[in-house]
Amino acid sequence: MKQSATFIPTLRETPADAEVKSHQLLLRAGFIRQNTSGIYSFLPLGKRVLDKVEKIIREEMENAGSVEVFLPAMQQAELWQETGRWYSYGDELMRLKDRNGREFALGATHEEVITDLLRDEIKSYKKLPLNLYQIQSKFRDEKRPRFGLLRGREFLMKDAYSFHSTTESLDETYDVMMQAYKNIFTRLGLDFRMVIADSGAIGGKDNHEFMVLSDIGEDTIAYSDTSSYAANIEMAQVNIEYSVPDITAEEMEKVETPDQKKIAEVAEFFGTDAENCIKTLVFKADEEFVVVLSRGDHEVNDVKVKHATDAKVVEMATPEEVKELIGCEIGSIGPVALPENIRVIADNAVKTIVNGIAGANEPGYHYKNVTPEQDFQVEKYADLRFIKEGDPSPDGQGTIRFAEGIEVGHIFKLGTRYSEDMKATILNDQGRAVPYIMGCYGIGVSRVVAAVAEQFNDDDGFTWPAVAAPYDVHVVPVNMKDDVQRETAAEIYTLLKSKRFEVLMDDRNERAGVKFADADLIGLPVRITVGKKAADGILEVKIRSTGETFEWKQEELLEQLEQVFQN
Ligand code: ATP
Ligand code: MG
């Protein structure tokens, strides 16, 4: 492609609203443009990267036995009503009406649509397993679209759905898909980890996320420093046997604490540590209020609260709700003498507290010498807190460390979560109607583009790996007015194209400095500069990722290039 004939609007300045490297560079190098918040156009270079990523995904999906389809983005509300997600998905679902007032959603995901499609067509176990995928725009009205392609409101997803008559068959496909995902992210050169995950709004059992390690990742991964254990921090179990220390419980005492609200202030006032303080929170689990206790040095994990209470939705109670329920401000609440009808659950570590400190449900006061069971009752102890760095790994091997990750893929065993609600059944080998057993498998295709962009760059621009680069080679004639340079460049361009290299040629009448800066910014793997030495048959070559430069004789160009792209 000749640069004069395509559209690569590079920018000198970093756009002020782009916070992360990938977003800044995708804008600056002219790969994407924002239309409005969370909605982007892919320009020619961006589209080529997208195509490369899609190609790898398609190859690995087909290898794994998944077959491509293309489902509608516009989905009738009735389908989402059948599974209840019309009501539970919330504001993230983009809803619209047709001219007759019939309600629709723009696809945020496609479980309903595909289950509906198959339930009318597949009635016998003999037609299963079946694994279908598509690559398509998804729509989610994210609360905080940000970081460019990383969290969009319209974005590209590869979503696959598998259908089975037995759980063994699902397990088998799940493992094959897991391997396909590993292949995809490995081929893209991404530094990733597979982690144990929570299934969120989609629902279901076994599931894993694929995280690209990156400081700007929104997810925290808890991993063992010695074993292969890794989990999303939301899901990482705390597997510690706590024992009650052998200390005599003393009598509880109310103490005036006029200025101490935060745990750290309270601990200091009493001359003790945060781990000896009881943190008291109030959650709303579906419609019921639940008091959740943890040690002062621990953070409560709402996903675990959700599991422990068997609730569909868990959120913190508002200050007004707490006031009405307990009669005091959030900062003063504690577990002692709560109103009778409130459930109290506690993290396992609370058992270790003897003679602890807790709020007195009265502004300006705390209790000291508070001991569970003696001074307040706990309905249930459970694992309710976030794991911490330094905790033992739940698999019993090594110590937990944290890393930040960008979630690029997610695989779930859905079981019969959708097929039951939607009455999607097959006749099994005993002639009995049973719901399909399903799996689903997502990759954020446009997010992957951003994740690759985030990992492969330096101060001057992108350093694309060959598999994802928009072109292989950048041919840059320094001076287009020089006949030798212009003609040599044209010759190389034609030659390389005929040998199936993907070539971008900077045939613009720009200054050398501008051309080189743009070439570094765009970041193709190899730059071939056709300058003054072209008259002597010498080309200057720069390998973008390492910064190495070489002089190659024109006649050895092909041979040298083949070597570079072999590695
Ligand atoms: P997140 O926790 O980041 O919101 P999710 O759990 O909602 O992701 P899934 O429903 O599992 O995501 O979707 C499958 C994949 O689609 C994710 O692994 C992610 O790579 C991608 N994805 C999800 N939401 C977005 C978004 N708003 N923009 C870009 N990609 C996204
Ligand atoms: Mg989401």
Side-chain angles (χ1 to χ4, degrees), residues 20 22-23 26 32 34-40 42 46 50 53-54 57 61 83 85 88-94 105-112 114 133-161 177-178 180-182 184-185 188 190 192-204 206-214 216-221 231-235 302-303 404-414 417-418 438-454:
V20 298
S22 56
H23 190 197
L26 286 168
I32 61 168
Q34 178 179 292
N35 295 61
T36 186
S37 170
I39 300 180
Y40 291 85
F42 282 81
L50 196 58
V53 171
E54 287 188 16
I57 292 175
M61 292 305 290
T83 61
R85 286 209 293 183
S88 64
Y89 212 93
D91 290 338
E92 237 176 65
L93 194 62
M94 297 273 198
L106 292 180
T109 169
H110 278 73
E111 285 81 6
E112 281 84 355
I114 198 151
Y133 80 96
Q134 63 167 347
I135 295 181
Q136 199 199 39
S137 295
K138 292 281 188 278
F139 301 85
R140 294 183 184 180
D141 198 359
E142 298 276 357
K143 203 187 266 170
R144 288 188 67 204
R146 59 182 199 146
F147 296 169
L149 301 179
L150 283 172
R151 184 168 298 284
R153 297 197 297 164
E154 175 176 341
F155 60 95
L156 265 185
M157 197 199 284
K158 186 286 299 174
D159 45 329
Y161 305 89
M177 294 300 275
M178 187 185 277
Y181 274 46
K182 289 181 183 167
I184 290 165
F185 300 126
L188 286 166
L190 287 167
F192 72 98
R193 275 196 94 142
M194 186 180 84
V195 307
I196 304 164
D198 181 52
S199 46
I202 294 199
D206 248 357
N207 76 80
H208 291 89
E209 286 166 348
F210 291 79
M211 297 280 189
V212 171
L213 302 183
S214 162
I216 62 142
E218 293 180 316
D219 290 275
T220 301
I221 303 161
N232 190 312
I233 189 176
E234 289 176 347
M235 286 300 285
D302 50 357
V303 172
E404 309 303 313
I406 300 169
E407 180 195 323
V408 286
H410 200 168
I411 56 178
F412 308 77
K413 288 183 187 172
L414 294 174
R417 158 73 182 87
Y418 294 93
M438 293 170 55
C440 86
Y441 317 88
I443 291 181
V445 183
S446 44
R447 185 180 282 185
V448 166
V449 170
V452 177
E454 191 65 38

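Atoms within a ligand are numbered from 1 in the order they appear, just like the ligands themselves.
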Practice task
Flag the pair Glu218 and Arg146 as a salt bridge only when some basic side-chain nitrogen lies within less than 4.0 angstrom of an acidic carboxylate oxygen.
Solution key: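 Result for this pair is yes, salt bridge flagged.
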Practice task
With heavy atoms only and a cut-off of under 4.0 Å, state how Leu150 meets ligand 1: side chain, backbone, both or neither.
Solution key: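 For Leu150, the contact with ligand 1 is made by the backbone alone.
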Exercise for the section: Indicate, as side chain, backbone, both or neither, the part of Leu149 found under 4.0 angstrom from ligand 1 when only non-hydrogen atoms are considered. Expected result: backbone
Problem - Distance-only N or O hit between ligand 1 and Ser446, under 3.5 Å - result: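 Checking ligand 1 against Ser446, no N or O pair falls under 3.5 Å apart.
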Problem - Polar proximity ligand 1 side, Gly152 side, N/O cut 3.5 Å exclusive - result: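 Such a contact does occur with ligand 1.
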Give the atom numbers and elements of ligand 1 that come within less than 4.0 Å of a heavy atom of [X].
X	answer
Val408	18 (O), 20 (O)
Glu142	24 (N), 26 (C), 27 (N)
Gly444	15 (C), 16 (O), 20 (O), 21 (C)

Practice task
Please check if the side chain of Tyr441 supplies one atom and the backbone of Met178 the other of a donor-acceptor pair under 3.5 Å.
Solution key: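 No: the side chain of Tyr441 does not pair with the backbone of Met178.
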Practice task
Without swapping roles, check the side chain of Ser446 against the backbone of Leu156 for a donor-acceptor pair under 3.5 Å.
Solution key: yes
Exercise for the section: Would you tell me whether Ser214 and Glu454 have side-chain atoms, one donor and one acceptor, within less than 3.5 Å of each other? Expected result: no
Handout entry: Nearest heavy-atom neighbours spanning Ile196 and Met235
Key = O-CB, 4.0 Å
Exercise for the section: Could you check which of Arg151, Glu407, Arg447 puts a non-hydrogen atom nearest to atom 25 (C) of ligand 1? Expected result: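 When every heavy atom of Arg151, Glu407, Arg447 is considered, Arg447 comes closest to atom 25 (C) of ligand 1.
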Problem - Minimum non-hydrogen distance to atom 23 (C) of ligand 1, winning option of Arg153, Met211, Arg140, Met157 - result: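 Closest candidate by heavy-atom distance is Arg140.
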Exercise for the section: Mark yes when over 12 heavy atoms from residues, nucleotides or ligands other than Asn35 sit less than 6.0 Å from its CG; otherwise mark no. Expected result: yes
Handout entry: Mutual orientation of the aromatic rings belonging to Phe210 and Phe185 [parallel < 30°, tilted 30-60°, perpendicular > 60°]
Key =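 Phe210 and Phe185: tilted rings.
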